[in-house]
Amino acid sequence: MNPRIVSKRAFTVAGLKYQGKNENNEIPALWQALGPRMGEFRSVVDQEAAYGVIDLPDQESDAIDYMAGVAVGEEAPVPQGMTFVRIPEQTYAVFRTTLPTLMDTFHRAYDEWLPASGYKRAPGPEFERYGETFDPENPESEMEIWIPIEPA
């Protein structure tokens with residue numbers, strides 16, 4: 001498990017947001033709800049990707065904030081019923097994975113790679129990046145997990 005280490009400029013993601021534990025597959029449902037609304041976005045800056053932005057607002061309950069969306073210009077209007085999040089400029093460990101191995105990749109990144117890496121988790125959201133070749137119907141289709149890091 002050797003991630004790429006990448007510095008990325010700040011960017012904005014707009015989309016649909018969910019807060020909870022995903023106990024009833026709310027996150028896949030969020031993506032299903034976003035699909036028909038993709039044409040509502042203006043000023044999309046990364047036409048080849050969609051983003052699943054993850055923040056951990058409540059460490060006690062294991063609830064997460066999850067946004068399914070796209071990268072938009074900083075001043076882009078947000079479609080009705082949607083919201084946005086500004087991702088700060090940071091350095092990331094980028095792990096390739098698939099949907100069936102997503103949670104295993106997260107666990108291995110945090111439990112195995114991070115403690116031995118010389119880095120620690122930096123503040124701020126992490127995100128999934130679904131590139132132009134990603135196909136949610138193909139279990140072998142690859143996507144990426146971007147975890148913010150800083151020197152330990």
Exercise. Kindly indicate whether the side chain of Pro123, heavy atoms from C-beta on, has any atom under 4.5 Å from the side chain of Glu150.
Key: yes

Exercise. From the options Glu128, Arg129, Arg96, select the one residue that forms a side chain to side chain contact (heavy atoms under 4.5 Å, CB included) with Met143.
Key: Glu128

Exercise. Taking Thr105 for its side chain and Thr101 for its backbone only, find out whether a donor-acceptor pair lies under 3.5 Å.
Key: yes

Self-check item: Heavy-atom check, side chain of Thr97 versus side chain of Glu142, under 4.5 Å
Solution: no

Quiz item: Which heavy-atom pair separates Val72 from Arg42 by the least distance, and what is that distance?
Solution: CG1-O, 4.0 Å

Quiz item: Considering only heavy atoms from C-beta outward, does the side chain of Glu144 approach that of Phe127 to under 4.5 Å?
Solution: no

Quiz prompt | Heavy-atom closest pair, residues Tyr110 and Pro115 | solution = O-CD, 3.2 Å

Quiz prompt | Smallest separation among heavy atoms of Pro139 and Glu137, with atom names | solution = CD-O, 3.5 Å

Exercise. Taking only Lys NZ, Arg NE, NH1 and NH2, and the carboxylate oxygens of Asp or Glu, determine whether Glu89 and Arg9 approach each other closer than 4.0 Å.
Key: no

Practice problem: Classify the ring geometry between Tyr51 and Phe11 as parallel (under 30°), tilted (30 to 60°) or perpendicular (over 60°). | Solution: tilted

Quiz item: For Gln32, does the CD atom have more than 12 heavy-atom neighbours from other residues, nucleotides or ligands under 6.0 Å away?
Solution: no

Quiz item: Applying the 4.5 Å side-chain criterion to the ILVMFWY set and letting contacts propagate, would Met38 and Val13 be lumped into a single cluster?
Solution: no

Quiz item: Can you get from Met67 to Val70 by hopping between Ile, Leu, Val, Met, Phe, Trp and Tyr side chains that sit under 4.5 Å apart?
Solution: no

Quiz item: For Phe84, does the CZ atom have more than 12 heavy-atom neighbours from other residues, nucleotides or ligands under 6.0 Å away?
Solution: no

Quiz item: Taking atom NZ of Lys17 as the centre, does the number of heavy atoms from other residues, nucleotides or ligands within less than 6.0 Å exceed 12?
Solution: no

Self-check item: Lys21/Glu26 ion pair, N-O < 4.0 Å
Solution: no

Self-check item: Distance, nearest 0.5 Å, that separates CD1 of Ile149 from OG1 of Thr91
Solution: 6.5 Å

Quiz prompt | Heavy-atom pair with the smallest gap, counting every atom of Gln90 and Pro148 | solution = NE2-CB, 3.4 Å

Quiz item: side chain to side chain contact (heavy atoms under 4.5 Å, CB included) between Trp146 and Lys8: does it pass, once the steps are laid out?
Solution: CA-CA 10 Å; Trp146 292 56; Lys8 185 165 178 59; 3.6 Å; yes

Quiz item: Going hydrophobic residue to hydrophobic residue with side-chain gaps under 4.5 angstrom, can you get from Trp31 over to Val85?
Solution: no

Self-check item: Spacing of CZ belonging to Phe106 relative to CD1 belonging to Ile147, to within rounding of 0.5 Å
Solution: 6.0 Å

Quiz prompt | Side-chain touch Ile5/Val94, heavy atoms, less than 4.5 angstrom | solution = no

Practice problem: Using the ring pair (Phe, Tyr, Trp, His ring centres under 6.0 Å) rule, take Trp113 and Phe95 through it: C-alpha gap first, then chi angles, then the decisive distance, then the call. | Solution: CA-CA 10 Å; Trp113 181 82; Phe95 299 87; 5.5 Å; yes

Exercise. Given side chain to side chain contact (heavy atoms under 4.5 Å, CB included), test Val53 with Ile87 step by step and report yes or no.
Key: CA-CA 9 Å; Val53 181; Ile87 312 289; 3.7 Å; yes

Practice problem: Please step through side chain to side chain contact (heavy atoms under 4.5 Å, CB included) for the pair His107 and Glu112, ending with a clear verdict. | Solution: CA-CA 8 Å; His107 290 297; Glu112 297 172 18; over 6 Å; no

Quiz item: Considering all heavy atoms of both residues, which atom of Thr83 and which atom of Val78 are nearest to each other, and what is their separation?
Solution: N-CG1, 3.7 Å

Quiz item: Does one hydrophobic cluster hold both Leu99 and Met1, with members joined at side-chain heavy-atom distances below 4.5 Å?
Solution: yes

Self-check item: Met82 side chain reached by Arg37 side chain, heavy atoms, under 4.5 Å
Solution: yes

Quiz prompt | Test log, rule side chain to side chain contact (heavy atoms under 4.5 Å, CB included), inputs Asn138 and Thr98 | solution = CA-CA 9 Å; Asn138 178 355; Thr98 62; over 6 Å; no

Self-check item: Common cluster, Tyr18/Leu16, ILVMFWY with side-chain heavy-atom separation under 4.5 Å
Solution: yes

Practice problem: Check whether the side chains of Tyr130 and Glu48 place a donor and an acceptor atom closer than 3.5 Å, and report yes or no. | Solution: no

Quiz item: Quick one: do the Arg4 and Tyr92 side chains pair a donor with an acceptor below 3.5 Å?
Solution: no

Quiz item: Any side-chain heavy atom of Asp55 within less than 4.5 Å of one from Ile64?
Solution: no

Self-check item: Note, Pro125 side chain near Ile54 side chain (heavy atom, < 4.5 Å)
Solution: no

Quiz prompt | Sub-4.5 Å side-chain heavy-atom contact between Leu114 and Tyr119 | solution = yes

Quiz prompt | Heavy-atom pair with the smallest gap, counting every atom of Glu40 and Pro79 | solution = OE1-CB, 3.5 Å

